Novice: 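Below is one structure. I have some questions about it.
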Amino acid sequence: MFNWYRQVSALERKTFWACFSGWALDALDVQIFTLAIPALIAAFGLDKGQAGLISAATLVSSALGGWVIGAVSDRLGRVRTLQLTIVWFSLFTFLCSFAQTFPQLIVLKALQGFGFGGEWAAGAVLMAESVRSEHRGKAMGTVQSAWAVGWAAAVILYTILFSWLSPDLAWRAMFMLGLLPALLVVYVRRSIPEPAKAVIAPSKDKVALVGIFSPALLKTTVIGSLLGMGAHGGYYALMTWLPTYLGTERHLSVLDTGGYLAVIIVAFWLGCIASAQLLDRIGRRRNVALFAICSTVTVLVYLLIPMGNTAMLFLGFPLGFFAAGIPASLGALFNELYPAAIRGAGVGFCYNFGRIASAGFPLLVGYMSRSMPLGEAIGIDAAIAYGLVVVTVLLLPETMGKKLDGTPDGLPVFQGAGKP
């Protein structure tokens with residue numbers, strides 16, 4: 001399963017671990033909020049609609065960050081941009097712990113979102129340009145599995161802190177620990193060289209930011225953006241509200257909720273690894289469609305069919321497994337749709353426009369839950385989103401095995417480095 005890792009150069013491995021670590025720590029900071037929602041509702045006197053509004057504001061700002069910072073990486077460089085975004089989202093996660101009012105929390109979360117949206121864009125393009133084409137799907141999918149690692153770390157922190165501290169102190173302590181990802185910048189700065197100019201090929205055109213809307217690329221950008229919307233909409237509708245659903249409707253304790261989430265997280269990691277392998281075997285389009293269909297069926301069964309807590313525990317495995325396959329595919333697919341000069345802008349926009357549009361899904365879940373059970377609201381929203389994924393991915397070309405332009409023979413070239 002990991003033979004590809006032994007076949008790549010030491011420099012490719014260092015880049016892999018930098019991107020893997022960045023995405024894991026990104027997930028840690030993001031998942032802290034989803035786990036803290038019940039405590040935030042109590043601390044600020046919020047209803048579920050207002051809690052959904054915080055999530056929506058974060059997703060919108062992350063989408064803008066992904067597009068803008070993705071374009072910045074086309075000019076400034078992938079590695080330098082990655083460093084800046086890691087420091088940015090770590091700092092604003094930390095500052096969230098000092099929020100005293102609901103408006104303050106929304107502003108700080110939005111600023112945090114701008115950073116982690118940009119971090120994904122810079123890291124995804126760096127990884128895609130740093131690994132040979134025959135292993136790109138496996139490498140990108142495995143990097144995506146880091147989300148499960150960061151998610152697991154957040155759940156462990158949640159379980160420990162909410163068991164030892166009062167809820168009002170525990171959520172603040174969790175956000176304070178969100179400063180830890182900034183330490184990754186030291187490793188990135190020392191270990192990862194900037195890809196050669198021939199690989200990045202930054203455009204000097206002042207309208208490079210909107211070059212993805214040129215006539216030749218407009219259709220690709222529109223369809224890719226809708227695919228991103230469905231992928232993120234399904235994930236965030238489900239994962240933003242799942243801890244709250246388990247705690248308020250299934251009446252699980254902190255420790256029980258952590259156990260249920262542990263099953264889903266392990267399954268999510270395995271789903272990313274499985275998707276990574278399938279990407280370079282059956283292709284990008286078939287893989288995304290397969291996981292989207294399976295996700296739809298599993299979500300509807302998990303949330304809409306009455307079952308006991310034990311059955312839910314076992315069904316949590318396919319829920320997490322199939323939810324992982326779609327995001328694990330997008331990094332490779334989106335990078336292969338755009339030329340080097342505007343790749344950062346294209347990847348950042350398609351992936352993160354989905355975050356803007358998908359912001360409506362967790363918000364809608366919050367408002368729908370006022371008139372129906374929370375589980376039904378989550379299930380309906382997620383099913384609609386995954387259905388959109390199936391339709392849009394079939395409208396895109398198959399890109400498996402495509403060599404990225406600017407990379408000789410499909411192999412990565414770095415400034416100051418020899419051949420891998």
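Numbering starts at 1 and runs along the sequence shown. Please read these numbers as outputs of a predicted model, since none were measured by experiment.
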Novice: For a quick check under 3.5 Å, do Tyr351 and Ser225 share a side-chain donor-acceptor pair by atom type?
Specialist: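 Judged by distance alone, the side chains do not pair up.
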Novice: Whether the Gln31 and Thr34 side chains hold a donor-acceptor pair (N or O, under 3.5 Å, no angle test) is what I'd like checked.
Specialist: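 Yes, a side-chain donor-acceptor pair sits under 3.5 Å.
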Novice: What side-chain donor-acceptor pairs closer than 3.5 Å can you find for residues 169-185, not counting sequence neighbours?
Specialist:
| from | atom 1 | to | atom 2 | distance (Å) |
| --- | --- | --- | --- | --- |
| Trp171 | NE1 | Asp168 | O | 3.2 |
| Trp171 | NE1 | Asp168 | OD1 | 3.4 |
| Arg172 | NH1 | Ser97 | O | 2.7 |
| Arg172 | NH1 | Ala99 | O | 2.9 |
| Arg172 | NH2 | Ala99 | O | 3.1 |

Novice: Ignoring hydrogens and geometry, is there a side-chain-to-backbone donor-acceptor pair from Arg284 to Leu333 under 3.5 Å?
Specialist: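 Side chain of Arg284 to backbone of Leu333: no pair is present.
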Novice: Applying side chain to side chain contact (heavy atoms under 4.5 Å, CB included), run through Glu336 and Met400 and close with a yes or a no.
Specialist: CA-CA 8 Å; Glu336 291 161 351; Met400 182 175 65; 5.8 Å; no
Novice: Minimum heavy-atom separation for Trp67 to Ala345, with atom names?
Specialist: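 Looks like CD1-O, 3.8 Å.
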Novice: Would you please say whether a donor-acceptor pair under 3.5 Å links the side chains of Gln112 and Thr93?
Specialist: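 Yes, Thr93 and Gln112 have a side-chain donor paired with an acceptor closer than 3.5 Å.
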Novice: Quick one: list whatever passes side chain to side chain donor-acceptor pair (under 3.5 Å) with Ser275, sequence neighbours left out.
Specialist: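 Listed in chain order: Asn287, Ser329.
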Novice: Give me the atom names and distance for the closest heavy-atom approach of Ala377 to Met368.
Specialist: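 Between these two residues, the closest heavy atoms are CB-CB, 3.8 Å.
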Novice: Look only at the side chain of Glu134 and the backbone of Arg132, and say whether a donor-acceptor pair between them is shorter than 3.5 Å.
Specialist: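 No, because the side chain of Glu134 does not come within donor-acceptor range (under 3.5 Å) of the backbone of Arg132.
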Novice: Compare every heavy atom of Thr221 with every heavy atom of Cys350, then report the nearest pair and how far apart it is.
Specialist: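 It is SG-O, 3.9 Å.
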Novice: Which residue pairs pass the ring-ring contact (aromatic ring centres under 6.0 Å, His included) test when at least one of the two sits in residues 371-399, sequence neighbours left out?
Specialist: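 As it turns out, there is no ring-ring contact (aromatic ring centres under 6.0 Å, His included) pair with a partner in residues 371-399 once direct neighbours are skipped.
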Novice: Using 30° and 60° as the class boundaries, would you call the ring planes of Phe213 and Phe349 parallel, tilted or perpendicular?
Specialist: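 The rings of Phe213 and Phe349 stand perpendicular, inter-plane angle above 60°.
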Novice: Over 60° means perpendicular and under 30° means parallel, so tell me whether Phe317 and Phe321 are parallel, tilted or perpendicular.
Specialist: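 Phe317 and Phe321: parallel rings.
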Novice: For a 4.5 angstrom cut-off between non-hydrogen side-chain atoms, does Ile106 reach Phe102?
Specialist: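 Ile106 reaches Phe102 side chain to side chain.
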Novice: Within the 4.5 Å heavy-atom criterion, are Leu76 and Leu84 side-chain neighbours or not?
Specialist: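 Touching, per the 4.5 Å side-chain cut-off.
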Novice: Which pair of heavy atoms, one from Asn335 and one from Gly331, lies closest together, and at what distance?
Specialist: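 Taking every non-hydrogen atom into account, ND2-O, 2.8 Å.
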